[in-house]
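Scope of the values below: all heavy atoms of this structure, side chains included, with no hydrogens, waters or symmetry mates. Numbered from 1 within each chain, the chains take letters A, B, ... in sequence-line order.
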2 protein chains.
Amino acid sequence: MATPQQPAGDEAGSVTRKSRLSREIVLEAALKLVDEEGLEALTMRRLGQALHRDPMGLYRYAANRAALLDGVTELVLDELAIFADDPDWQGQLRRIAHDLRLLALRHPNVVPLLVTRPLSTPLGLRPLGTLRPLEQILGLLIDAGFTASDALHVYRAYYGFLYGHILNELQEFIVDPDENEALLRLGLHRLPPKEFPRLRALAPALADYDGASELDEGLTILLSGLAAHLSAPLVKKG
Amino acid sequence: MATPQQPAGDEAGSVTRKSRLSREIVLEAALKLVDEEGLEALTMRRLGQALHRDPMGLYRYAANRAALLDGVTELVLDELAIFADDPDWQGQLRRIAHDLRLLALRHPNVVPLLVTRPLSTPLGLRPLGTLRPLEQILGLLIDAGFTASDALHVYRAYYGFLYGHILNELQEFIVDPDENEALLRLGLHRLPPKEFPRLRALAPALADYDGASELDEGLTILLSGLAAHLSAPLVKKG
DNA sequence: TAGGGATGTCTACATTGTAGATATTAGGCG
DNA sequence: CGCCTAATATCTACAATGTAGACATCCCTA
């Protein structure tokens, strides 16, 4: 009578009688696995054993592995909150950018999915969760006074820059944080000095990358430039 | 005696006696495979059979599959020519950007590698071929009068934007080019109208994406903004 | 002509995604 | 209360992958 749901067919004694699964639970377990052990650790069998389930059962919640990956990206993007009614579009875009940056830093192993999956899925067939930010930002810009097609231009430049920045920042990677010489810390000592003089000389600058402010400066340039070149609404700051 | 090199142990008669391999030949075959059939078609066995060789032999030219992928990205980036002595840095960066864009359009299946591989390899350990553009652009900017650390800032903003644009452009994908209604062409008809009104309304604008000019406009904004915010050299146009 | 390092080939194995058959459960109707 | 049906869970099996390790063969040099 320990497990009220089960009529004692399963005698083996492995106690964990599992509560009903759901797509959300599965995806969250998948995300956890990716966060902790990387993308290639997310296999059906590993995920199954993380959930104490038969791997085959997971196919009820994701048609195949690709769909599972899509689900994970969707789950991550859901963490991004967009308030489409803020009239300060520049401020709003700035906030979103920083939010997405932090999200990427929190889930670095998911970033390849974020940038890669859409490349193999036509716009109209993507998971809705990944299209929602696009729709919402378009709404934000249109509400702020942009033409629909100008809104699209702004969105493209903005999102392009944002994703590019995130990729850049995640790439500049510290090999050995214990080392205090910048050249060594970044592994740049391997590079032939003749061929890569400036890269090597820039080691210290590379080593202290302030991603947030670098992103912010770029955004300032880009957003004000966009505002100037297009049918810019007047609003600027709260 | 048909095959002079072989002392008649191999009787089966498959005639093609293969000329000596080289890393370049292997990588070029790999690139061809990726271009024609996509990334996941690049397996050791498929590549082996494309070269009429035993798959195991390929491990002499690439330590493992990951190294093979790195080699392919290196090969592709080698197509990019950078002339570090041009004093018109803006013009030069513009040209490079368009070159890289075209390169990406020519090898769309390689783009995931371009943006993804560096994420799993620390800067100092990357294939030299992928670091060369960075070094050269730094040289270009420094020669044009930028501080070394300003050059790095410019590079980051520039390359970030460029990669972002390329990703963006490759993502906006036509599902059914035969269809002449934009909504259908992009597969957007699947989206619930209530939730995605602007995206659906923008279908025509999405359908004719002029990547080159979109890239160019973004660059104009970004480069002139960067020049204004930093220790900008005076030179502008040839 | 003999040796030896480089190069090529074969077999084998662990791991993956996933199809398909089979067992087990839960709920509705007599 | 008991059976039938559909959902759900589990097992077995298979083809494909990367790659280790043993073996065979080549070709150049001495």
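- Residues B:R198 and A:E135 are paired through a salt bridge, judged by an N-O separation under 4.0 Å between the basic side chain and the carboxylate.
- Between A:R132 and B:E195 a salt bridge is recorded (basic side-chain N to carboxylate O distance below 4.0 Å).
- Checking C:dC10, C:dT16, D:dA9 against the side-chain heavy atoms of A:Y61 singles out D:dA9 as nearest.
- Side-chain proximity of B:R60 to the nucleotides C:dT16, C:dT7, D:dG18 is greatest for C:dT7.
- Remark: P of C:dT7 and CG of B:L58 are 14 Å apart, rounded to the nearest angstrom.
- When distances are taken from the side chain of B:D54 to each of C:dC10, D:dT10, D:dT8, the shortest belongs to C:dC10.
- Spacing between atom CG of A:L39 and atom P of C:dG17 amounts to 12 Å, rounded to whole angstrom units.
- Checking C:dT16, C:dA19, D:dG18 against the side-chain heavy atoms of A:M56 singles out C:dA19 as nearest.
- Regarding B:L68, its CG atom lies at a distance of 14 Å from the P atom of D:dT17, rounded to whole Å.
- Between the P atom of C:dA12 and the CZ atom of B:R45 lies a distance of 14 Å, rounded to the nearest Å.
- Among D:dT10, C:dG17, D:dT19, the nucleotide with an atom closest to any side-chain atom of A:R53 is D:dT10.
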Using side-chain contact (heavy atoms from CB on, under 4.5 Å), reason through B:L123 and A:Q171 one step at a time and then give a plain yes or no.
CA-CA 7 Å; B:L123 232 174; A:Q171 282 180 19; over 6 Å; no

